[in-house]
Amino acid sequence: MSATTATLDLSAPTVPLSRIVKVELRKMFDTRSGFWLMTSIAIAALLATIGVILFLPDDNFGFGAFGTAIGVPMAVLLPIIAILAVTGEWSQRTGLVTFTLLPHRTQVITAKVIAAVSVGIAGMLVAFAIGAVGNVVGSSIAGVDIRWDTSLGDLLKIILANVLGLLVGFMLGVLIRNSAGAIVGYFVYSLVLPGIFGFLAATQDWFEKIQPWIDFNFAQTPLFEDAGPSGEQWAQIGVSGVIWLIIPMAIGIWAVLRSEVK
Amino acid sequence: MGQCPSFGQAGAMITVEHLTKTYGGFRAVDDVSFTCRPGAVTGFLGPNGAGKTTTMRVMAGLTPATSGTALVGGVQFRDIPNPGTQVGVLLDASAQHAGRTGREVLTLTAMTMGLPSSRVDEMLDLVSLSQSEAKRRVRNYSLGMRQRLGIAAALIGDPKILILDEPANGLDPAGIHWMRSLLREYANRGGTVLLSSHLLHEIEVIADEIIVIGQGRIVAQGTKAELLQSAGTFVKAGDVSALANALATAGITASPSGEGFSTDAPAEEVGKAAAVAGVALVELRPADGAGLEEMFLELTADTQRENTGTEGAQA
């Protein structure tokens, strides 16, 4: 510290977003639990791949089968990764330091979204790579032709669906700000809610008509079909996404900006 | 940006004006005003739950004020660019991810501020955390080690202002001595320090200026010398009861303190009263801090009584 200038330098450069993203990425890996959560992406992909090789009838082998099997654990892991990236600041109380060093909280939340989505996409690519190896190995063991029955477009749609799931997790983290609560919230959203909506759709005609527009899970099903979403289906993803993602996220961020960091 | 900041009071680096923070009907901080100047260590003294932490949290922008302002360097904390490099803040040494190593905590802090990683080793040296201790996870740290880590994080950006909440908590006597020299040197170089404590002794040892807070209100503030001076007179005689009578006759209210009496009356008046009564004094001097201590004990007692009622949930 220089003794001559006791005043603060208010024209000093601010912290760039890219630096905060780097810090947030590092924070996702630098604890034992964080490290193993990340590693679990590869482990889960590997287990799913081995499962397909062991249990799928040989003539059904193809990259699509591996991609589908790998998608199941990813749909659980990625939202949890996103949730913990947010809630850790509250449950581990690191927010006290984070939000003191970076008082503009939207910047921190933005950096966390970027970091979580990057990890999600990278994780999906790693998982697909493991699935591809599984496809080659499995087909060779079974003695069948190696089939690449999934187009790049299909892969991108699966990645998009998983990123949307990750963002729902992130939203719940921001909104609930408690690890256990947000994870439970995610399972209610992804496991309980579709059942309730399905029952409503089966019994109420009016609900069946509007379900694709208000049920975010349901609206995303075309992402896993070869034909892909039609124009109307993309609109349904957008509209239900506003309800289940954009609005609650906005409320969550509003609350974070006003909340007291304890 | 770039223009000279205007200060509430000439030269003040921290300016708190009429700060109030209420939680429902409870006033955690009640119309608090004070300033901290560069080159001095300002001690923020008060019992637990008096409002010290809330005041400091408002300063750091973590808690919104109900009314009033807390300016750091003439501006709101959130308007300080890259604040870690200008204001070092330690609010709770235990608020760290238990699974990170001490070194990792400092590395993240340095990265956020855009500092080279060499600063991490410099800070570990400064706060006497060894390399092997730095590799341990914070979960395995004693409170004293967490405090050292927190002080390292506060100092890593080479700030001009330090805001430290209970930094001596958990430090052993040698640690407190170390911190005292560290902060003294820092202030001598022109730095501004605000540190809180619920222990009078810590504040007396470290601070130049003292702000006493109780139940959200400031009850006394001034330089250490001023506060000790206003503490009144200590008087002692061989014949205790004769002295008590002499003081009573002269209309001086005094309370027993150790083997003598302490009183708010000036020394001259006390001396005259004793002389008139022909009581030989053994000691007659300004009470050294006893007044402050008594005031503080009173404050603590009051707060504790209150605690059982209105603010039991806060305790």
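In what follows, chains carry the letters A, B, and so on, assigned in the order in which the sequence lines appear, proteins first and then strands, with residues in each chain numbered from 1.
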Side-chain heavy atoms of [X] within contact of [Y], under 4.5 Å:
| X | Y | value |
| --- | --- | --- |
| A:T98 | B:T112 | no |
| A:K262 | B:D92 | no |
| B:H97 | A:K27 | no |
| B:T107 | A:D30 | no |
| A:L8 | B:M13 | yes |

For B:V87, which atoms come within 4.5 Å of any heavy atom of chain A: side chain, backbone, both, or neither?
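The side chain, not the backbone.
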
Please set out all donor-acceptor pairs under 3.5 angstrom arising from side-chain atoms of residues 109-131 of chain A, sequence neighbours excluded.
| residue | atom | partner | partner atom | Å |
| --- | --- | --- | --- | --- |
| A:T110 | OG1 | A:T106 | O | 2.6 |
| A:K112 | NZ | A:E24 | OE1 | 2.7 |
| A:K112 | NZ | A:A85 | O | 2.8 |
| A:K112 | NZ | A:E89 | OE2 | 2.9 |
| A:S118 | OG | A:I114 | O | 2.5 |

Could you give the distance from CE (B:M113) to CG (A:L101), rounded to the nearest 0.5 Å?
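Going from the CE atom of B:M113 to the CG atom of A:L101 covers 4.5 Å.
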
Restricting to non-hydrogen atoms, name the atom on [X] and the atom on [Y] that form the minimum distance, rounded to 0.1 Å.
| X | Y | answer |
| --- | --- | --- |
| B:R137 | A:R32 | NE-NH2, 3.2 Å |
| B:A95 | A:V97 | O-CG2, 4.3 Å |
| A:T100 | B:F77 | O-CE2, 3.2 Å |
| A:L10 | B:P81 | O-CG, 3.5 Å |

Please check this pair: side chain of B:R57 against backbone of A:V261, looking for a donor-acceptor N/O pair closer than 3.5 Å.
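Yes; at least one donor-acceptor contact below 3.5 Å.
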
Donor-acceptor pair, A:E260 side chain versus B:P64 backbone, under 3.5 Å?
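Flag not set: sc A:E260 to bb B:P64 has no pair under 3.5 Å.
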
Per-residue contact mode, A:R19 against chain B (heavy atom under 4.5 angstrom):
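Side chain of A:R19 only, per the 4.5 Å heavy-atom cut-off to chain B.
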
